[in-house]
Amino acid sequence: MHTIVALRAMLVSSKAKPSQAFIAFFLIFLASIANSSKGEVTYDGRSLLIDGKRELFFSGSIHYPRSTPQMWHDLIAKAKEGGLNMIETYVFWNAHEPVYGQFNYEGNCDLVKFIKLVQSAGLYVTVRGLPYWLREVPDITFRTDNEPFKTHMERFVKMAVKKLKDEKLFASQGGPIVLAQIENEYNNIARAFPGSVDYIRWAADMAVNLQVGVPWVMCKQNDAPGSINSCNGRNCGDTFMGPNSPTKPSLWTENWTAQYRVFGDPPSQRAAEDLAYSVARFFSKNGSLVNYYMYHGGTNFGRTGASFVMTRYYDEGPLDEYGLQKEPKWGHLRDLHAALKLCSKGLLGGTYSLQKFSPDLEARLYEIPENKVCVAFLTNTNTKFDGTLKFRGVDYFLPRHSISILPDCKTVVYNNQRINSQHNARTFDLSKDANNNKKWEMYQEPIPTAKGIKSQGPLELYNMTKDTTDYLWYTTSFLLDDKDMPFRHDIHPVIQVSCLGHVIHTFVNGEYMGSAHGTKIEKSFVFKKQISLRPGGNRIAILGLTVGMPDSGPYLEHRVSGLHTVTIQGLNAGTLDLSQSMWKHQVGLTGEKLGIFQEDKMNAVKWVEATSDIPIIWYKKYFDGPSGNDPVSLDMSSMGKGLVWINGQCIGRYWVNYLSPLGTPSQSMYHIPRAFLKPQNNLMVVLEEQGGKPEDIKITVVKRDNICTLVSQNYPPPVDSWSSSGENSNKPEAHLKCREKMVIRSVVFASFGNPSGICGNFTVGNCHSPNVKNMVEQACLGKPSCVLPVSAAAYSVDASCPGSTGTLAVHAKCARGGQRHGHAAAKVQ
């Protein structure tokens, strides 16, 4: 058996999903083709066909540069265990060609290695980015009928396709690529470009002429020429109008597993029940492929996060940022995939019909009478009220906003509102090994005074930094005499800076005056602050910076950032406008240029004993790697904004003092990949922009060893217990399972009746027996997993107790046998 990949060639990210170094042209899907040296990939109105055979496809987005090569195997294995037969990833143009003509396919940019790992597991992949240098091509306009852009796009696409062909990775060559996409959600910006129709036709023709031997896709492009139009969104089962031809299948290329988040956003999530409903709905209406964006979001390492995008990317996916299974989302989707696979004969070959019972209740059927195949999706579309429908003489209860799946038109094996899979809670445990060394040293970044690129007025920031750094110093000076100074004691000079984005830190005569920033929605802002001036010479230094490159919308090449105007108010002579004064510019920071975040270069400057709350400062310390193999995270709650390097590798931007409307940071925990660490003497370097307390930075290990179950007696039995023979149990079960090499060490909570709460925070109801906890302990303690009955009789509980919902709730903790306790109290997040 070998894997098939579907390649998706596209232009640029949309909805700000990819980062500035993560804009791509290709998406590839990988799956398995059995007993075939080469795979012919075609399609009809029902599905993609692999060697003439229809299949259902469950895909998940995993972006190889947002993790490390050491993580790839585990991520792919967990995706397959979760029921996926396809993986989507971008091919990142700006990661692979950061400088024109210089290509990078090493480390976490090793696209071929990633695809071959997916191929060996039998899954799909999708790939898609724009490098900064493209902005500087003369007369260029991105994503329209513009010859300079089309020339460079075609050159990169051909290069990427050739690389994949040379490795024989297309299905027609015996490889895993089965589907390709050119462009992405172009309909969102097409109206901004007069040449959009000609451009999209050119892109489609260019892609088809590459002769990759697999079909091409264009998502959200209803007039997609020579390709399959597909859907992106949260609810394509209700919003997708269908393919533009009856000979094309219904494909969902992006089902968003979480709310896309930027710095300043409050916490958010997408419930497993809602995500599962959307998928079941799509497949009940002739869908045959769904891709979860993201299945594993990962980390925007270094400066790769797009404009204001958090370093943690789609952490609410089925696999969290650290690659741990987020339950119940991962398990609930696994069960859904299993249920849909039980329906595959009917879905792929049956006759479709719809029965409406009311405006909210319906049944969608797929039948092959001669083969006694009948599949039913019983649906309650009402988001507020439960319902009951009589289907073929039997009453079926349907919770609000739910779909019950019946692979034999009789037995419910799955309902999206009934979660049988276990739950878990993530903890960040303080590592004693890694936090022993308390000695921090610092280097004060100098404020430039003399050197720099001169201009009349401040220069535009993007054109100066060229995406080689976040930072650009602006400096100017001016003279005042005594008569310019305010005479009254109640009047003081005020500096006013208008900025086009994203952040500034302002200094007057070497003294830090404060900082200001824009937002993802409104990049520009105004900074005002009372300042102290003196007769004679005065200096202003402003550190302007970006938080990622722009990544969505039309005319990306014309976006601007940096200082706009600078004035001094409150002087006797009136307002002093410095906007057209002589300004000097220094690109980047001295510490960056000297590479002092690397061990072999850090002694290029003099480090001294550290103190706290200093702006534009470098800190460093050494620490030992945490024991064990659990993921590692850095608690930056005590800091402000900046960057962190571990052994010379940047783990990304942190921004802890930008609080959400709830008064909390959007992100305070930052991933340190195990691959970045040594057993001992790891160098941590922190660039702090606004001032913080490095002594309070904590190194933690990340776990999901608090596991729970919450199952009621009216839930369906486990989906894998169903048999087409008709001899099926109707009894639900509660399952608890620790990860590999771990056992259930303690039972924190157990109750049957009407418990309430969430994993890690359950409370008993009025229907409760203390015997339940003892019985669960007898069944589970010391075991890697256990199965618990869900009935009042099993726990000797009064089934007639008023208010009882017949629900079993259990919270257990997993631990390794004989483990060394190297971790202190846990922080739950």
Side-chain angles (χ1 to χ4, degrees), residues 5-13 18-30 63-65 88-116 118-119 125-138 140-184 199-200 202-218 226-227 304 467 556-557:
V5 181
L7 171 81
R8 175 167 152 191
M10 61 163 293
L11 274 174
V12 67
S13 63
S19 67
Q20 99 270 17
F22 289 170
I23 308 171
F25 275 82
F26 291 98
L27 293 115
I28 57 175
F29 294 86
L30 304 163
H63 294 167
Y64 54 100
E88 180 265 356
T89 189
Y90 294 160
V91 175
F92 299 96
W93 187 359
N94 41 0
H96 291 304
E97 193 181 11
V99 177
Y100 176 73
Q102 297 181 19
F103 298 100
N104 173 28
Y105 287 94
E106 303 298 324
N108 67 342
C109 288
D110 193 338
L111 170 64
V112 169
K113 179 179 180 179
F114 180 79
I115 293 176
K116 288 184 175 181
V118 177
Q119 180 179 17
V125 175
T126 307
V127 188
R128 60 197 183 190
L130 294 172
Y132 174 83
W133 59 260
L134 205 60
R135 285 172 54 108
E136 300 192 335
V137 173
I140 197 167
T141 302
F142 295 172
R143 303 181 75 189
T144 190
D145 192 27
N146 172 268
E147 289 303 321
F149 180 73
K150 292 191 297 183
T151 296
H152 286 285
M153 172 184 171
E154 184 173 12
R155 178 188 61 84
F156 177 77
V157 171
K158 286 183 175 179
M159 181 277 299
V161 167
K162 181 179 184 302
K163 188 171 189 67
L164 299 173
K165 280 185 173 181
D166 289 347
E167 297 290 338
K168 300 188 184 303
L169 293 175
F170 286 94
S172 57
Q173 302 172 291
I177 302 176
V178 295
L179 192 65
Q181 178 178 325
I182 190 76
E183 257 296 347
N184 188 53
Y199 165 71
I200 207 69
W202 169 86
D205 290 342
M206 183 267 292
V208 171
N209 289 334
L210 293 173
Q211 298 181 350
V212 296
V214 301
W216 288 88
V217 171
M218 281 190 176
S227 59
T304 59
D467 196 26
L556 292 174
E557 68 281 1

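Here the closest non-hydrogen pair linking L169 and K116 is CD2-CG, 4.1 Å. Minimum heavy-atom separation, A95 to C109: CB-SG, 3.9 Å. Nearest approach of L210 to V161, heavy atoms of both residues: CD1-CG2, 3.8 Å. Residues V217 and S227 approach most closely at N-CB, 4.0 Å, considering heavy atoms. Considering every non-hydrogen atom in both Y64 and N108, the closest pair reads CD1-O, 3.2 Å. Considering all non-hydrogen atoms of both residues, Y132 and D467 come closest at CB-CB, 3.6 Å.
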Go through the steps to decide whether R143 and M153 satisfy the test side chain to side chain contact (heavy atoms under 4.5 Å, CB included), and finish with yes or no.
-> CA-CA 9 Å; R143 303 181 75 189; M153 172 184 171; over 6 Å; no
Go through the steps to decide whether Y105 and V112 satisfy the test side chain to side chain contact (heavy atoms under 4.5 Å, CB included), and finish with yes or no.
-> CA-CA 8 Å; Y105 287 94; V112 169; 5.9 Å; no
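Atoms OG1 and CZ, from T141 and F149 in turn, are 10.0 Å apart once rounded to the nearest 0.5 Å. Of the inter-residue distances, the one linking E147 atom CD with W202 atom CH2 reads 8.5 Å to the nearest 0.5 angstrom. The CD atom of Q211 sits 6.5 Å away from the NZ atom of K165 when rounded to the nearest 0.5 Å. To the nearest 0.5 Å, the span separating CD on E154 from CE on M159 amounts to 13.0 Å.
In this structure, the side chains of F142 and L134 come closer than 4.5 Å at one or more pairs of heavy atoms. Contact check for Q173 versus E167: no side-chain heavy atoms found under the 4.5 Å cut-off. You'll find the side chain of R155 reaches within 4.5 Å of the side chain of Y100, heavy atoms only. Side-chain contact between L556 and R135 is absent, with no heavy atoms from C-beta onward closer than 4.5 Å. Counting only heavy atoms from C-beta outward, the side chains of L164 and V212 never approach each other to under 4.5 Å. When side chains are defined from C-beta on, K163 does not count as touching L111, because their heavy atoms never get closer than 4.5 Å.
F156 and H96 have their aromatic ring centers separated by at least 6.0 angstrom.
Checking side-chain atoms of E97 against main-chain N and O of G101 turns up a donor-acceptor pair under 3.5 Å.
The aromatic rings of W93 and W133 lie perpendicular to each other, with more than 60° between the two planes, well past the 30° mark.
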